[in-house]
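By convention in this document, chain letters (A, B, ...) are assigned in the order of the sequence lines, proteins followed by strands, and residues within each chain are numbered from 1. Side-chain atoms are counted along with the backbone in the values below, which use heavy atoms only and exclude waters and symmetry mates.
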There are 2 protein chains.
Amino acid sequence: MKLTMREIAKMAGVSVTTVSLVLNDKEARISQKQRTKIKEIARKNNYVPNSSAVSLAKNESNTIGVVVPNISNPFYSSLIKAISNELSKRGYYSLIINSNDNHENEAKQVAKLVSRGVDGILLVPSNDLYAQGTDKVNTFLNSIDIPFVLVNADSDLDINQVNLDSFEGGYLATQLLIDNGHTDIAIVTGNKGFVNAETRLLGYQKALADNGLTIDPNLVFRAPYDLNGGYERIQQIQQTPATAIFFCSDLMLYGAVKQFNESKRNLFDHYSIIGYDDTFINEIFNPTITSVKQNVSQLGSEAVRVLYTALSSKLTINVKLDVTLNVRDSVKALD
Amino acid sequence: MKLTMREIAKMAGVSVTTVSLVLNDKEARISQKQRTKIKEIARKNNYVPNSSAVSLAKNESNTIGVVVPNISNPFYSSLIKAISNELSKRGYYSLIINSNDNHENEAKQVAKLVSRGVDGILLVPSNDLYAQGTDKVNTFLNSIDIPFVLVNADSDLDINQVNLDSFEGGYLATQLLIDNGHTDIAIVTGNKGFVNAETRLLGYQKALADNGLTIDPNLVFRAPYDLNGGYERIQQIQQTPATAIFFCSDLMLYGAVKQFNESKRNLFDHYSIIGYDDTFINEIFNPTITSVKQNVSQLGSEAVRVLYTALSSKLTINVKLDVTLNVRDSVKALD
DNA sequence: TTTCGCGAAGTAAACGGTTTCTTTTTAACT
DNA sequence: AGTTAAAAAGAAACCGTTTACTTCGCGAAA
């Protein structure tokens, strides 16, 4: 059924070298006559190279490992889509791995990928890892001894990374709220140490400070970036004088919406709301929800680009991508 | 850096055969003394086998290709999560491929996976393919000459497949609407030929018939399974006497919600609504949305199980999984 | 003492390509 | 016609494992 180069060589009456050279379109020698003849034979028998053999011989696998915390989270799944499309465009396969936001698992999977012989890794680290502190993060990152790029999680290390500007995201969101007259602005950011949680908070604080507003620690809430996180925090926020809430994840925001719905109230009647991630669902709500828009597909393709150059060069690249606000109707001027 | 079996053999003063046998825990021969010695050396230098070489020698890759129409669609991303977790549990890697719901691309990707030497394929086919008719579907499916299982798309062919009971889904949804007193029930199913579109429609028709209701072709609408599909159809549905709408995809439903929101109306005030897929977002809406719930993670793990047995056996398995209704508040009794 | 059997280990041929090096062929120039 | 360089093609080593087959050595049976 499946035929090899040797067989093609036999059919064409040439050596395997010749076949290899032709089929790989190598510049070198080989008359046009042989070229077309061999290609024709290969095409007719629809020859496909055995990629294990190619990998073994060339010592590269044309495969990139992609590790994410949770494939089914809309943010990550969009990112994966962008990454795998870009990778495939460049002739690479993607081995996608779900860490389930658990570092132990994440570490094990990375090790397996390395042993598996992937050419490089795109790592979107778990919050679980980051919550364990910088030291832990650094030792882990330093232990990866093949080309990799850290995606969507700032690191002080001199490594390849591509991030979205979370500080700017926090700043823009807060500024919009302030521009609409709000002064008591609650923020629900990620848990202590969570990826991007501190940076977004910093942006929020800077915006307040720049506008001469006081930073009230009682308005700062933390939760996991998920439905339940928002569901629980919104109950505490109601004890505060906040008139606007900045959720650092749309998912948390939805959780808050749910909590209000359950008691027959409408979250948007009580608060000006801004979310983060610009999930497509935001335009379905009434009112439509304003959210910090991250260019996820750019994040994915940049990550691939950086990894690609890292594969052949030694210098490290650090990219930070701009973030914008998708202004819709959930923020209202305070009267 | 990376050491090979040969080097381990040299260190231990034995042949590579011995090392291979020991490291693979083969029953055969080899004294306990050598066993522990070799294992110790391997562990100390943390030896990892070169998987290309293993693949080449054993003619298997421990890798499964997974082809889906759109990674970022919530239904597919949940499915992928289930699949890749299950696969990883069984020691397989998953090569996930996005066909972008385009058959030409899908076919190319499948061919690449085969040439890549994956052990098997989990194929969630594109609507694009199914829309091209049964003949096209069959020739394509028949052309795949490695073990594979067709996921979430019925086929008459005698091949491995695992599906969700779409007929039952259509039936249950319609019956609920009927039980609530509705007689003019619109359905928005997938475009002609789309995966599962006909079967869900059949379920709908059977439920109407079983209840002695007439089947009004003017209440049957078709659209792609996406936001825009619903957005457009809802405008036509308003010309009909329908009091209830069965959307065969939550995404279409959201599109309809959006259309109503834009004209400051609430879809749920005008219609009893039921969706399909039970997307997590449904419980965030007000009212919460009733939807046909498919056990996606079961679908994924069953698919893997079937493929796994297909890898070592010749008989084909055809699994059909039950579907349930997640009844919430979007269906109201007609008074 | 020779032979047989068996456990323990080694040899070497795959697996299907890539690539370096060497050899043959062709054609161009005295 | 003879020389030579370039063009075309082949031989063989190599990538790191697996595995069928062979060999070795030693104790038990004859």
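Distances shorter than 4.0 Å separate some side-chain N or O of B:Gln34 from OP1 or OP2 on C:dA9. Between B:Asn24 and D:dT18 there is a side-chain N or O to OP1 or OP2 distance below 4.0 Å. The side chain of B:Tyr47 contributes no N or O atom lying less than 4.0 Å from OP1 or OP2 of D:dG16. Listed pair B:Thr18 / C:dG10 meets the phosphate criterion, a side-chain N or O lying under 4.0 Å from OP1 or OP2.
Listed by chain and number, the residues in a side-chain hydrogen bond (donor to acceptor under 3.5 Å, both in side chains) with B:Ser15 are B:Thr18 (sequence neighbours excluded). For B:Asp154, the salt bridge (Lys or Arg N to Asp or Glu O under 4.0 Å) partners two or more places apart in sequence, or in a different chain, are B:Lys320. Scored by the side-chain hydrogen bond (donor to acceptor under 3.5 Å, both in side chains) test, B:Ser94 finds no partners at all (sequence neighbours excluded). Listed by chain and number, the residues in a side-chain hydrogen bond (donor to acceptor under 3.5 Å, both in side chains) with B:Asn127 are B:Asp101 (sequence neighbours excluded). Partners of B:Phe194 according to the ring-ring contact (aromatic ring centres under 6.0 Å, His included) rule, which considers only residues two or more places apart in sequence or in another chain, are B:Tyr225. In this structure A:Tyr47 satisfies the side-chain contact (heavy atoms from CB on, under 4.5 Å) test together with A:Leu3, A:Met5, A:Ile8, A:Leu23, A:Ala42, A:Pro49, sequence neighbours excluded.
Side-chain polar atoms of B:Asn160 and B:Thr316 form no donor-acceptor pair below 3.5 angstrom. Inspection of the A:Ser126 and A:Glu106 side chains reveals an N or O donor paired with an N or O acceptor under 3.5 Å.
Within the 4.0 angstrom heavy-atom criterion, only backbone atoms of the sugar-phosphate kind lie near A:Thr4; the bases stay farther away. In this structure, B:Asn59 reaches neither bases nor backbone, as no heavy-atom distance under 4.0 Å exists between it and the strands shown.
Of the listed nucleotides (C:dA12, D:dG10, D:dG16), C:dA12 has the atom at the smallest distance from the side chain of B:Val16. The side chain of B:Lys58 sits closest to D:dT18 out of D:dT18, D:dG10, C:dA12. Closest contact between the side chain of B:Leu21 and the listed nucleotides D:dT19, C:dT18, D:dT17 involves D:dT19. Taking the side chain of A:Thr17 as heavy atoms from C-beta on, and the options C:dA9, C:dT20, D:dT17, the nearest nucleotide is C:dT20. Of all nucleotides listed (D:dT17, D:dT19, D:dC15), D:dC15 comes nearest to the side chain of A:Ala57. Comparing D:dG10, C:dG16, C:dG10 by their nearest atom to the side chain of B:Ser15 picks out C:dG10.
Note: CG (B:Leu56) to C1' (C:dA13) measures 13 Å, nearest angstrom.
For the pair B:Val14 and A:Val48, both in contact range of DNA chain C, the more 5′-proximal nearest nucleotide belongs to B:Val14.
When the local axes at the two ends of the helix from C:dT1-D:dA30 to C:dT30-D:dA1 are compared, using 5 base pairs at each end, they differ in direction by 70° after rounding to 10°.
Listed in residue order, the members of residues 5-13 of chain B having a heavy atom less than 4.0 Å from DNA chain C are B:Gly13.
Identified under the ring pair (Phe, Tyr, Trp, His ring centres under 6.0 Å) test for residues 122-142 of chain A, with sequence neighbours left out: A:His103-A:Phe140.
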